[in-house]
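Inspection log for the structure reproduced underneath, given as structure tokens.
Whatever order the structure lists them in is the order used to number ligands and atoms, beginning at 1.
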Amino acid sequence: MTSEVSERIHVCFFPFMAHGHMIPILDMAKLFSSRGAKSTIITTPSNSKILEKPIEAFRNQNPGLEIGIRIFDFPSVELGLPEGCENVDFINSNQKPDAGDLSLKFLFSTKHMKQQWESFIETTKPSCIVADMFFPWATEAAEKFGVPRLVFHGTSFFSLCCSYNMRTHKPHKKVATTSTPFVIPGLPGDIVITAEQANVADEETPMGKFMKEVRESESISFGVLVNSFYELESTYADFYRCFVAKRAWHIGPLSLSNTEIAEKAGRGKKASIDERECLQWLDSKTPGSVVYMSFGSGTNFTNEQLLEIAAGLEGSGQNFIWVVRKNNNKGENEEWLPEGFEERTKGKGLIIRGWAPQVLILDHKAVGGFVTHCGWNSAIEGIAAGLPMVTWPMGAEQFYNEKLLTKVLKTGVNVGATELVKKGKLISREEVEKAVREVIVGEEAEERRERAKKLGEMAKAAVEEGGSSFKDLNKFMEEVNGRK
Ligand code: UDP
């Protein structure tokens, strides 16, 4: 496609306000704009601050490409939320006993933006809008003005297929307990799961009702954009297009649209470590020898669990970078860290307290394994970097992604996480130690590494000119352009 054709497309992106949703949408907006479209990201005042810097940097690097932000009003206090609560991160960082209720309230309160959304679409008339799945009201609003709405779930084809088959066949209703394993019916690959891991919202709960709305809005939408590539999960991409949503385009891995060091380091929050310091540390290690451990943007472990992790990392004897969502209280007594840990692991281990420049780290040749909670962004970033993984799913759709990594792709080993994290089962130091060793050392590790490396190469080929994701994005843009 020539940029002349796509230049005429104006795509509006509306991410849910959480880092795990905003990061891939920003990547997507940059990708569209680098292919000649005009991209506008819609968000709230405080979230716009997160996006401004990377957008400005992108514009400076690519003069002539069009990308911008449009701010919608989000009066959190009037909506019954705490002041300044415009992002899920606010809820995760101020964890209170009612965090679950607050998350739901936050989710439902986004409907407040419907009015602004409608007048924006009416006056701007974009070529299409890409709105997060969590905005079910967006389809109707767009349709009113003849603008196609695309859905972005931010997960894999595999997990979308798993949830579809769970909903269709309801196998979790036919087992004795929530921890009884069963095969997901009708899905290729004999995927074994438990009711608890599948985490299907009960239809009668507020969340269940909300998810029904999400599905209904999706069924009348223009289609679905997926942050994946065909070669990774072709069986499930085909299944999805055949049985779930006929109109789906795979355009990922989106993280690969970041090529410069600053771009890779500047995703989400400000990193808690200087990127040069981080790279220097990695440069001093032999290729494939470092394990990177991080659990996404929202996980907060108990001190007890953190102590087990620390002991497991130390016991493994491997080099590591460990991202811990704790404030930087260096010098003070940190109850979550065994005494003398940092002195003993000096040179071998690096703790990042807060936010890590994840993609920059994953792409470094010294990194040989990734301990992840299996949030899809992290999973596909690890895949794109060609890394084997230790899987530690906790909730959401992470157990599905975990099955993809361990059972289908065979590039992951499970740490021993079989229950939702909220149930409080502790993963022991022995389990952490074993899984970390397993992913770096030994014959099986070597085979896993080879498989992961091939996937990384396939991922890069998919987004290059002529690759499957490159072509699918072209197809999509041509189709949108053709509607005008
Ligand atoms: N991330 C990061 N630094 C961190 C933690 C997370 O850059 O310290 C990024 C990570 O690269 C990914 C996103 O935040 O793009 C997290 O998304 P994911 O789907 O993995 O997990 P979630 O936070 O949604 O559970």
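Classified by interplanar angle (parallel below 30°, tilted 30° to 60°, perpendicular above 60°), the ring pair Phe320/Phe341 is tilted. Using cut-offs of 30° and 60° for the angle between ring planes, the Phe301 and Trp392 rings count as tilted. Using bins of under 30°, 30° to 60° and over 60° for the plane-to-plane angle, the ring pair Phe72/Phe14 lands in the perpendicular bin.
In summary, the atoms of ligand 1 found under 4.0 Å from a heavy atom of Trp376, numbered by their order in the structure, are 19 (O). Under a 4.0 Å criterion applied to the non-hydrogen atoms of Ser297, ligand 1 contributes the atoms 22 (P), 23 (O). Close contacts between ligand 1 and Ile23 involve ligand atoms 9 (C), 13 (C), 14 (O), 15 (O) [criterion: under 4.0 Å to a heavy atom]. Taking every non-hydrogen atom of Gly20 and a distance limit under 4.0 Å, the qualifying atoms of ligand 1 come out as 17 (O), 24 (O). Close approach of ligand 1 to Ala356 (heavy-atom distance below 4.0 Å) involves ligand atoms 2 (C), 3 (N), 4 (C), 7 (O), 8 (O). Within the listing of ligand 1, atoms 8 (O) sit less than 4.0 angstrom from a heavy atom of Val323.
Neither the backbone nor the side chain of His19 comes within contact range of ligand 1; no heavy atom lies under 4.0 Å.
With no hydrogens or angles considered, no side-chain donor-acceptor pair links Lys403 and Asn414 at under 3.5 Å. For the 3.5 Å distance criterion, the side chains of Asn401 and Glu397 qualify, holding a donor opposite an acceptor. Looking only at atom types and distance, the side chain of Lys30 has a donor-acceptor partner in the side chain of Asn258 under 3.5 Å away.
Of all protein heavy atoms, the one lying nearest to atom 19 (O) of ligand 1 is Asn377 ND2, 2.9 Å. For atom 11 (O) of ligand 1, the closest heavy atom belonging to the protein is Glu381 OE1, 2.6 Å. Among protein heavy atoms, atom 2 (C) of ligand 1 sits closest to Trp355 CZ2, 3.2 Å. If you check which protein heavy atom lies closest to atom 21 (O) of ligand 1, you get His373 NE2, 3.0 Å. Shortest contact from atom 20 (O) of ligand 1 to any protein heavy atom: Ser378 OG, 2.5 Å.
Formation of a donor-acceptor pair under 3.5 Å by the Asp472 side chain with backbone atoms of Ile251 is not found in this model. Under a 3.5 Å cut-off, the side chain of Gln197 and the backbone N or O of Thr194 do form a donor-acceptor pair.
Judged by the shortest distance from any of its heavy atoms, Arg267 lies inside the 4.0 Å radius around the atoms of ligand 1. Within the 4.0 Å heavy-atom cutoff, Lys269 does not count among the residues contacting ligand 1.
Applying the 6.0 Å contact sphere to NZ of Lys114 captures more than 12 heavy atoms from other residues, nucleotides or ligands.
Residue-to-ligand polar distances keep Gln398 apart from ligand 1: every N/O pair is separated by 3.5 Å or more.
Across Arg267, Glu86, His19, Lys269, a single residue satisfies side chain to side chain contact (heavy atoms under 4.5 Å, CB included) together with Ile50, and that is His19.
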